[in-house]
There are 2 protein chains.
Amino acid sequence: MSNPVSTSRSRSRATPTRAQDPEGTRQNIIEVAAQEFALNGLSGARIDEIAAKTRSSKRMIYYYFGSKEGLYVSALENAYRQVREGEAKLDIAGMPPLDALKRLVEFTFDHHHQHEEFIRMVMIENIHHGEFLERSDVIRDLNVTAIGNIEAIYAKGLAAGLFRADLDPLEIHWQISALCFFNVSNRATFSKIFGKDVGSPQYQTSLRRQTVDMVLRFVVRADKLGGV
Amino acid sequence: MSNPVSTSRSRSRATPTRAQDPEGTRQNIIEVAAQEFALNGLSGARIDEIAAKTRSSKRMIYYYFGSKEGLYVSALENAYRQVREGEAKLDIAGMPPLDALKRLVEFTFDHHHQHEEFIRMVMIENIHHGEFLERSDVIRDLNVTAIGNIEAIYAKGLAAGLFRADLDPLEIHWQISALCFFNVSNRATFSKIFGKDVGSPQYQTSLRRQTVDMVLRFVVRADKLGGV
DNA sequence: GGCAAAATGTACGAACTGGTTAGTTTAGTC
DNA sequence: GACTAAACTAACCAGTTCGTACATTTTGCC
């Protein structure tokens with residue numbers, strides 16, 4: 001490939017324009033790997049292909065990650081971390097419960113929509129029965145807190161007498177996830193079967209509204225549905 | 001593919017205990033292939049492995065299906081056909097709209113639950129952006145009629161003044177599919193992240209009820225929700 | 001029985017693919 | 001400036017995997 005010698009010979013700056021950049025190399029490999037795995041699956045992705053798209057080499061992949069599966073797990077961890085970090089930006093602390101719930105659903109819908117690569121990684125992981133996710137405590141730690149938001153909202157809504165009392169926050173989370181996840185995961189087959197581009201802006205706008213609507217109608221008490 | 005002449009030949013025996021059984025061989029291969037593809041994905045499945053589990057041989061796979069991808073498409077077609085045939089058994093023609101809708105959701109929930117292999121095939125096909133489904137007009141034909149039920153129910157419900165008027169049958173189908181599909185497709189990661197077996201009978205019973213509930217609340221007019 | 005076509009069995013090979021061996025360069029330290 | 005560990009390169013290898021060439025049997029038909 002390109003000659004590394006020419007890039008940085010005389011070194012006198014502490015600024016890391018270093019020829020050897022372990023962390024950068026690592027990160028670069030993971031990013032490329034995530035793309036390839038998300039596109040082709042675990043067995044479908046090719047180490048040589050990943051290596052070629054990297055600024056580094058195949059040898060480096062094995063140097064840092066040990067094996068194809070090791071690389072896959074790292075890519076998966078990275079994907080979860082990235083997405084959960086994005087989710088942390090949602091601030092609904094001060095909001096009244098109904099607005100908060102609406103906001104949460106909208107956010108989840110948009111967030112999933114924007115992170116197709118992540119959705120695909122989760123699909124692939126489910127094809128593998130979640131065996132790699134199981135091996136990674138990093139991921140489990142990242143996720144347990146994921147229902148904190150919905151728990152807080154639900155408690156608030158209950159206290160305000162707005163929400164039904166017979167629901168389980170985890171199940172609400174499940175329903176929201178289902179709608180938002182499916183929207184990305186099954187877009188291809190759905191569009192091709194019904195000859196309609198479900199991913200088009202118009203359709204997405206409509207589905208987004210319907211999804212919010214559906215969740216609110218599900219959680220909010222029937223006699224308080226006036227404003228929805 | 002297969003020679004149409006041979007089928008219409010005048011057969012001496014109606015019950016052929018033949019050593020050579022083309023149609024049986026074909027079917028046997030497809031069934032095994034479907035299992036393997038559903039388990040390992042397109043690139044993950046191994047032709048030699050499939051052949052070994054068959055009552056036939058690798059030679060026969062190529063004789064009948066030409067290539068790995070050809071076999072995959074046939075397995076996919078078979079999966080869709082099987083499932084759609086099962087769906088055809090749902091009879092809601094004479095039912096009042098609300099009961100019919102409830103029945104449809106329950107049926108879809110159960111049906112997806114019972115056909116994990118099919119769900120996995122669809123997941124895999126989505127990983128491949130539906131490119132093989134696109135090649136098969138067989139599948140498209142099978143599916144276009146899939147929303148017939150929901151269309152009929154919705155029309156009836158509208159006429160009875162029970163349903164909201166601002167919905168699109170395809171979108172209702174989408175929502176139902178999302179909830180029922182996700183229940184199977186993401187069970188592994190969901191269970192492992194939250195340390196709860198979402199596939200357990202208790203949890204499934206609960207989710208089933210919630211799903212029906214959610215759809216009904218979504219479709220039925222707020223002022224007619226009393227009986228739900 | 002003889003025949004052509006369909007169906008099937010066996011063995012093999014070329015290309016691919018995950019992983020490794022052996023060696024080189026770079027960066028910081030004394 | 002010599003030294004060492006970390007970072008990196010290039011070539012290579014062994015097992016796998018899709019697919020095929022060739023030979024053989026079975027079947028329906030006259």
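These values consider heavy atoms only, across backbone and side chains, with no hydrogens, waters or symmetry-generated copies. Chain naming here is simple, since letters A, B, ... match the order of the sequence lines and numbering starts at 1 in each. Everything numeric in this text was worked out from a predicted model, so none of it was measured.
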Spacing between [X] atom [atom1] and [N] atom [atom2], to the nearest angstrom:
X       : N      : atom1 : atom2 : answer
B:Ile61 : C:dT10 : CD1   : C1'   : 15 Å
B:Ile50 : D:dG19 : CD1   : C1'   : 14 Å
A:Ile29 : D:dA7  : CD1   : C1'   : 11 Å
B:Arg55 : C:dT8  : CZ    : P     : 11 Å
B:Glu49 : D:dC18 : CD    : C1'   : 15 Å
A:Phe65 : D:dA7  : CZ    : C1'   : 14 Å
B:Tyr64 : D:dG19 : OH    : P     : 19 Å
B:Asn28 : C:dT8  : CG    : P     : 11 Å

> Pairs in or reaching into residues 184-204 of chain A: which pass salt bridge (charged side-chain N to carboxylate O under 4.0 Å, His left out), with residues at least two apart or in two chains?
Replying inline: A:Lys192-B:Glu134
Please list every donor-acceptor pair under 3.5 Å in which a side-chain atom of residues 120-128 of chain A meets a protein atom from a residue at least two apart or in another chain.
unit_1, atom_1, unit_2, atom_2, d
A:Arg120, NE, A:Ala38, O, 2.8
A:Arg120, NH1, B:His129, NE2, 3.3
A:Arg120, NH2, A:Ala38, O, 3.1
A:Arg120, NH2, A:Leu39, O, 3.3
A:Arg120, NH2, B:Ile127, O, 2.6
A:Glu125, OE1, A:Tyr72, OH, 2.7
A:Glu125, OE2, A:Glu131, N, 3.4
A:Glu125, OE2, A:Phe132, N, 2.9
A:Glu125, OE2, A:Leu133, N, 2.7
A:Asn126, OD1, B:Ala188, N, 3.4
A:Asn126, OD1, B:Thr189, N, 3.0
A:Asn126, OD1, B:Thr189, OG1, 3.4
A:Asn126, ND2, A:Val122, O, 3.1
A:Asn126, ND2, B:Thr189, OG1, 2.9

> With sequence neighbours left out, what residues match B:Glu69 under salt bridge (Lys or Arg N to Asp or Glu O under 4.0 Å)?
Replying inline: B:Arg135
> B:Phe218: what forms a ring pair (Phe, Tyr, Trp, His ring centres under 6.0 Å) with it, not counting sequence neighbours?
Replying inline: none
> Among all residues two or more places apart in sequence or in another chain, which pass the side chain to side chain contact (heavy atoms under 4.5 Å, CB included) test with A:Ser43?
Replying inline: B:Ser43
> Can you tell me if the side-chain N/O atoms of B:Ser57 get under 4.0 Å from OP1 or OP2 in C:dG9?
Replying inline: yes
>> In terms of relative ring orientation, are A:His111 and A:Phe107 parallel, tilted or perpendicular, with 30° and 60° separating the classes?
In response: parallel
> For nucleotides 17-24 of chain C, read 5' to 3', which letter fits each nucleotide if B means a protein heavy atom sits under 4.0 Å from the base, S means only the sugar-phosphate is that close, and - means neither?
Replying inline: SBBBBB--
